[in-house]
Amino acid sequence: MLDQRLLRDNPELIVEQLGRRGMTLNLTALQLIARQERDLEQQRSDLQAEGNRIGRQVGELIRGGAAPHSPEVQALRDRGNTIKQQVAVLEEEEKSLETRLREQLLAFPNLPSPHCPDGAGEAENVERRRWGIPRMPVAGEPALEEHWQIAERLGLIDSERSVRIAQSRFVTLLGAGARLERALISFMLDQHASRGYREMLPPILVNSASLTASGQLPKFAEESFSCADDDLWLTPTAEVPITSFHRDEILAAEQLPLKYAAYTPCFRREAGSYGRDTRGLIRLHQFNKVELYWFCHPDESEAAHAQLTADAEAVLQALELPYRVLDLCTGDLGFSAARTFDLEVWLPGAGTYREISSCSTCGDFQARRASIRFKDGKKTRLLHTLNGSGLAVGRTMAALLETGQQADGSVRLPQALVPYMGCDRLLPEA
RNA sequence: GGAGAGGUGGCCGAGUGGUCGAAGGCGCAGCACUGGAAAUGCUGUAUAGGGGCAACUCUAUCGAGGGUUCGAAUCCCUCCCUCUCCGCCA
């Protein structure tokens, strides 16, 4: 959420910065609401102050021996009642203005960071670096398979029966496939723990307040599955429960940064993606993800962003998966993010880079929505939040299958996974 | 699911209609004492919003929302949550 004070003091900055995202705004109406709301508050609190004075006077008179229904006391009572009615009217107006103001402020995305490259969309994202040598098809050898072909051939996933259990875009992992998924989750969590992250296993049903705090509500309700009877939703990312883990807290400066690594299943409707990535592990309604999350001091969030991204990259490097890093342009930036580095892993079978992690700094945007602050000396300030996948597990498996595929039909696994899998190769089931 | 108890500041805990944003204690910070520390003493120590250059001041907040009253932490209603016992259950 944007700062109300910014709306009041420097609305041009909002118009200019959201303009970088391609939005055209006119804030005059909203500013008017903000101003009216403040005037009403002033009037109301003045009236309440008078009411409080009258209340005290009545108390003093009665304790001083005045009859509770003497004309003197009665006059004060009448005045008190009048004030009460006036306050009620003002309060109602004030509340409706406040609600409108908040609704609109909640619908604005974050301001992009000054470092975020300008651009209209995906095509203008800026590649920052590459790691590893992408595997390419070799002339004379059989074509490289896509991960879903390998997975089906090796009996690692069953998509068709999953439709019977749920619907399309759900998969069931089997045998070595299920084991590999579990191994990857353990491997990622262990690696992050060794780099200073505290492991967390949060609830994956979250309430509306939690989705609002991290920015998925009110604008993106159609992206999440809901259990409407209970005001609970299936979390679309661990970012949601982790943000709200510290909602409404004031942390000590010495506690910062707080770094969490959480494994959760994630649930997304994937509305509007009909027909895209329909096979395999790339785009599912339910997928596993290990999420990295920092709560940090505002002065340190830029360095934290680099570190968090490096921590996610370290997983890819340990798994020997070539990737590139994109600096998302303003037009491709997510709602809550001020700046985002996407990690895209190379998929040799598909012959393309695919997003496998999105590492964002949100500045104080989520902290303001969630009211998460820290003590900076005597002052209480909003802290900064950052999140990134470390990594999306299904997509990691897809990359491993495509990268490790061998001419004999088996899949070679990276050394780092051997302790977790108990083997260095996936073989066709006998 | 049934029965009962309860939700007060960073924590414990008092407070059943009036000057209570809230006693007391713990914790924390500053100062004094000390060679230094402990102990002790003094002072300070919630959040949000409005006004003011500032000192400061006004309003709201005692789980949430509503009601009664001139006045509510205190009385009434609804909801949420926690705890104890019973039942059920991985």
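Every chain is numbered from 1, with letters handed out A, B, ... down the list of sequences. For clarity, every value in this text was computed on a predicted model and none was experimentally measured.
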Between P of A48(B) and CG of Asp3(A), the distance in whole Å:
12 Å

5'-most contact on RNA chain B (nearest-nucleotide basis), Gln74(A) vs Ser45(A), goes to Ser45(A)

Do Tyr263(A) and Ser186(A) get their side chains close enough for a donor-acceptor pair, meaning under 3.5 Å?
no

With C1' as the reference atom in both, quote the distance from G2(B) to G10(B) in angstrom, rounded to an integer.
37 Å

Please work out if Ile83(A) contacts a base, only the sugar-phosphate, or nothing of the nucleic acid, heavy-atom cut-off 4.0 Å.
nothing

Please report whether the ring centroid of Phe335(A) lies less than 6.0 Å from that of Phe365(A).
yes

A14(B) and G21(B): how far apart are their C1' atoms, nearest whole angstrom?
15 Å

CD1 of Ile54(A) versus P of A72(B): gap in Å, rounded?
13 Å

Looking across every strand, which nucleic acid part, if any, lies under 4.0 Å from Glu60(A) by heavy atom: base, sugar-phosphate, or nothing?
base

Between the side chains of Asp39(A) and Gln43(A), is a donor N or O closer than 3.5 angstrom to an acceptor N or O?
no

With ring centroids as reference points, do Phe225(A) and Phe267(A) lie under 6.0 angstrom apart?
no

Nucleotide forming a Watson-Crick or wobble pair with C53(B), both distances under 3.5 Å:
none

C1' atoms of G67(B) and G17(B), separation to the nearest Å:
16 Å

Are Thr396(A) and Met188(A) close enough, and set up right, to give a side-chain contact (heavy atoms from CB on, under 4.5 Å), and what steps lead you there?
CA-CA 11 Å; Thr396(A) 304; Met188(A) 290 176 191; 3.5 Å; yes

Pairing partner of G24(B) (Watson-Crick or G-U wobble, both distances under 3.5 Å)
C12(B)

Atom CD of Gln85(A) and atom P of U69(B): how far apart are they, to the nearest Å?
11 Å

Please name the nucleotide paired to G35(B) by Watson-Crick or G-U wobble geometry with both distances under 3.5 Å, or report none.
none

Rounded distance in Å between the C1' positions of C88(B) and C77(B):
32 Å

Regarding Arg44(A), tell me which of base, sugar-phosphate or nothing describes its non-hydrogen contacts under 4.0 Å with the strands shown.
sugar-phosphate

For a quick test of reading the model: is some side-chain N or O of Lys375(A) closer than 4.0 Å to OP1 or OP2 of U47(B)?
yes

When the P atoms of C33(B) and C26(B) are considered, how many whole Å apart are they?
23 Å

Walking RNA chain B from its 5' end, the first of Arg5(A) and Gln48(A) to be reached, judged by nearest nucleotide, is Arg5(A)

Provide the distance between the two P atoms, one in C12(B) and one in G63(B), to the nearest whole Å.
14 Å

Taking CD from Glu249(A) and C1' from A46(B), how many angstroms apart are they, rounded to a whole number?
15 Å

Watson-Crick or G-U wobble partner for U84(B), using a 3.5 Å limit on both distances?
A3(B)

Return the value, rounded to whole Å, for the distance between atom NZ of Lys84(A) and atom P of U69(B).
5 Å

Under 3.5 Å on both distances, the Watson-Crick or G-U partner of G18(B)
C70(B)

For the pair made of CG in Asp46(A) and P in G51(B), what is the distance, rounded to whole Å?
12 Å

Would you tell me if any nitrogen or oxygen in the side chain of Arg77(A) comes within less than 4.0 Å of OP1 or OP2 on G71(B)?
no

G49(B) C1' sits how many Å from Leu47(A) CG, rounded?
17 Å

Considering only side-chain heavy atoms of Glu41(A), which listed nucleotide, G49(B), U59(B), U69(B), is closest?
G49(B)

At under 4.0 Å, does any side-chain N or O of Asn52(A) touch on OP1 or OP2 of A60(B)?
yes

On a whole-Å scale, what distance lies between the P atoms belonging to A72(B) and G1(B)?
36 Å

Pairing partner of U59(B) (Watson-Crick or G-U wobble, both distances under 3.5 Å)
A48(B)

For A48(B), does OP1 or OP2 lie under 4.0 Å from any side-chain N or O of Arg373(A)?
yes

Between atom CD in Gln42(A) and atom P in A60(B), what is the gap in whole Å?
13 Å

Are His246(A) and Tyr260(A) close enough that their ring centers fall under 6.0 Å?
yes

Considering only the C1' atoms, how many Å lie between G9(B) and G25(B), rounded to the nearest integer?
13 Å

In terms of side-chain heavy atoms, does Ser208(A) have a donor or acceptor partner in Asp231(A) at a distance below 3.5 Å?
yes

OP1 or OP2 of A60(B) sitting under 4.0 Å from any side-chain N/O of Lys95(A)?
no

Find the partner of A29(B): check Watson-Crick (N1-N3 plus N6-O4 or O6-N4) and G-U wobble (N1-O2, O6-N3) distances, both under 3.5 Å, and reply none if neither fits.
U43(B)

Contact summary for Leu76(A) and Ile54(A), nearest pair of heavy atoms
O-CG2, 3.5 Å

